[in-house]
Amino acid sequence: MAFRCQRDSYAREFTTTVVSCRPAELQTEGSNGKKEVLSGFQVVLEDTLLFPEGGGQPDDRGTINDISVLRVTRQGSQADHFMQTPLIPGSQVQVRVDWERRFDHMQQHSGQHLITAVADHLFGLKTTSWELGRLRSVIELDSPSVTAEQVAAIEQSVNEKIRDRLPVDVRELSLDDPEVEQVRGRGLPDDHAGPVRVVTIKGVDSNMCCGTHVSNLSDLQVIKILGTEKGKKNKTNLVFLAGNRVLKWMERSHGTEKALTTLLKKEGDSEFMNIIANEIGSEETLLFLTVGDEKGAGLFLLSGPAEAVETLGPRVAEVLEGKGAGKKGRFQGKATKMSRRAEVQMLLQDYISTQSAEE
C-alpha cells in the first residue's frame with residue numbers, strides 16, 4: 001500500500017490511528033558539527049502524511065498532535081516516525097506536514113525527472129544518480145563532459161515543457177504487470193512491498209519512483225541549471241534549482257550585488273581596505289592593498305600570515321617612504337611615494353619565492 005503522502009502529495013493534514021510506539025534513539029548532528037544521540041520513540045501509524053526518505057528524496061518534517069517529528073524512515077510497508085514524546089497505541093492523531101519543505105522537495109524531484117528525461121532524449125546523457133540537497137540539487141550524468149551548448153539546450157527545453165503545463169500522473173501497478181518492464185527505473189529496493197508507483201510526465205517520461213511530485217509541470221515555475229562540475233569515475237554533475245529555489249537564489253544574488261556595489265562606491269580609506277581584507281578573509285594569503293594618488297600620497301595595508309606581515313610591513317613602509325604599524329597579521333600606514341608600488345610587489349614576490357624554496 002502506498003502512503004497517503006504518495007497518494008496525494010498536496011494533502012497537508014489528516015487524521016489517522018497510532019499502531020505502535022516503542023523507545024528508540026536518533027543520532028543527529030548538532031549545530032557545532034558534533035554527533036548527538038537523542039532519546040525518544042519510534043511511532044508507527046496506520047497511514048502517514050509524512051514521506052519517509054527514499055528515491056533520492058529526503059524525508060518530510062511535520063507534527064503529530066502538534067508534537068514535532070524529527071525523522072521519518074521506511075521499514076518495509078510501514079513508516080517509523082521519531083518523536084521525543086510517546087503516543088498511545090489505538091489513539092486518533094492529527095498529522096500535519098511542513099508544507100514549505102514538502103513542496104520544495106516536490107519541485108526539485110519532479111524537476112529532476114524532467115531534466116533527466118530531456119538530457120537523455122536530446123543527447124543520450126543517462127542519469128546514474130541524483131541528490132536533492134539543502135540549497136541545490138545535483139544530477140550525475142554518465143558522461144565525462146557536458147558542453148555549455150548542451151546545458152543551454154537542456155535548460156531551454158525543460159522550461160518550454162513547463163510553459164506547456166504538461167500534466168504529471170502517478171499510477172500504481174502490480175509487480176506482475178507487463179508495463180513495469182517498460183518503465184525506466186534503477187530497480188526496486190530489497191524490502192519493497194505493495195504496488196509499483198509509476199510517475200509519468202505526459203509525452204516526456206515514465207519512471208518508477210516512490211517520491212512526492214507535482215501534478216502539473218506548471219507548479220515547477222522555472223528551472224535554472226547553474227552549470228556542471230566534474231563527477232566521479234568519468235561522470236559529470238549537473239547542478240540545478242527548481243521553483244522557489246530559483247527565486248531565493250535570485251534574491252541572494254541581488255543582495256550580494258547590492259552589497260558589493262555599495263562597498264565599491266565607498267571612498268577609499270583605511271576602513272575600506274580592512275573591509276576588503278575581511279571579505280577575502282584568508283590568513284594564508286598575502287594581501288597588499290592601496291588607496292589614494294597613484295603617484296603621490298596614499299594609504300596601504302598588508303595582511304596575511306602574521307610572521308610574513310611582521311617581517312615585510314616595515315620594509316613596505318620604507319619602500320613607499322611612509323610610516324605604519326601593525327598587529328595580528330595586519331600592517332597599515334601612510335605612504336608618500338605610491339609610484340613605488342611595483343617595487344613593493346617585487347619585494348613580496350621575492351619573499352614568497354624564498355619561502356617556497358625553503359619548504
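In this text, all values refer to a predicted model and were calculated from it rather than measured experimentally.
- Between F331 and F300, the ring planes are parallel. Angles under 30° get that label, and only those over 60° would be called perpendicular.
- The aromatic rings of W130 and H109 sit tilted, their planes meeting at an angle between 30° and 60°.
- In this structure, Q78 CD and H81 NE2 are separated by 10.0 Å, a value rounded to the nearest 0.5 Å.
- Between T290 atom OG1 and L299 atom CG the span is 9.0 Å, to the nearest 0.5 Å.
- Separating the NZ atom in K161 from the CG atom in D205 is a distance of 11.0 Å, to the nearest 0.5 Å.
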Residue pair Q332, N274: steps toward the side chain to side chain contact (heavy atoms under 4.5 Å, CB included) verdict | CA-CA 10 Å; Q332 54 191 327; N274 277 287; 3.1 Å; yes
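- Counting non-hydrogen atoms of other residues, nucleotides and ligands closer than 6.0 Å to CZ of R315 gives a total of 12 or fewer.
- To the nearest 0.5 Å, the span separating CZ on F14 from SG on C5 amounts to 8.5 Å.
- Checked by atom type and distance alone, the side chain of D59 never pairs as donor or acceptor with a backbone atom of E53 at under 3.5 Å.
- Within a 6.0 Å sphere centred on CD of E343, other residues, nucleotides and ligands contribute more than 12 heavy atoms.
- In this structure a side-chain-to-backbone donor-acceptor pair under 3.5 Å is missing from N237 to T228.
- Using a 4.0 Å cut-off between a side-chain N of Lys or Arg and a carboxylate O of Asp or Glu, D66 and R96 qualify as a salt bridge.
- Between E13 and Q94, some side-chain heavy-atom pair lies under the 4.5 Å cut-off.
- Contact of the L217 side chain with the R165 side chain is not registered, since no non-hydrogen atoms from C-beta on lie closer than 4.5 Å.
- Between the Q108 side chain and the A242 main chain, a donor and an acceptor come within less than 3.5 Å of each other.
- Looking at heavy atoms from C-beta onward, V344 lies in side-chain contact with F288 at the 4.5 angstrom threshold.
- Residues C21 and I88 are not in side-chain contact: their nearest non-hydrogen atoms beyond the backbone lie 4.5 Å or more apart.
- The side-chain contact (heavy atoms from CB on, under 4.5 Å) with H213 is formed by just one residue from the set I201, D169, V199; it is V199.
- T73 contributes atom OG1, which lies 5.0 Å from atom CD of Q75 (distance to the nearest 0.5 angstrom).
- Put simply, the side chain of S137 does not reach to within 4.5 Å of the side chain of Q112, judged on heavy atoms.
- Residues E29 and K35 are in side-chain contact: their nearest non-hydrogen atoms beyond the backbone lie under 4.5 Å apart.
- Side-chain atoms of L45 and V93, non-hydrogen and from C-beta on, do get closer than 4.5 Å to each other.
- E229 places none of its side-chain heavy atoms less than 4.5 Å from the side chain of L238.
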Check the pair L141, K235 against side chain to side chain contact (heavy atoms under 4.5 Å, CB included), reporting the backbone distance first and the verdict last.
-> CA-CA 6 Å; L141 298 174; K235 292 180 170 57; over 6 Å; no
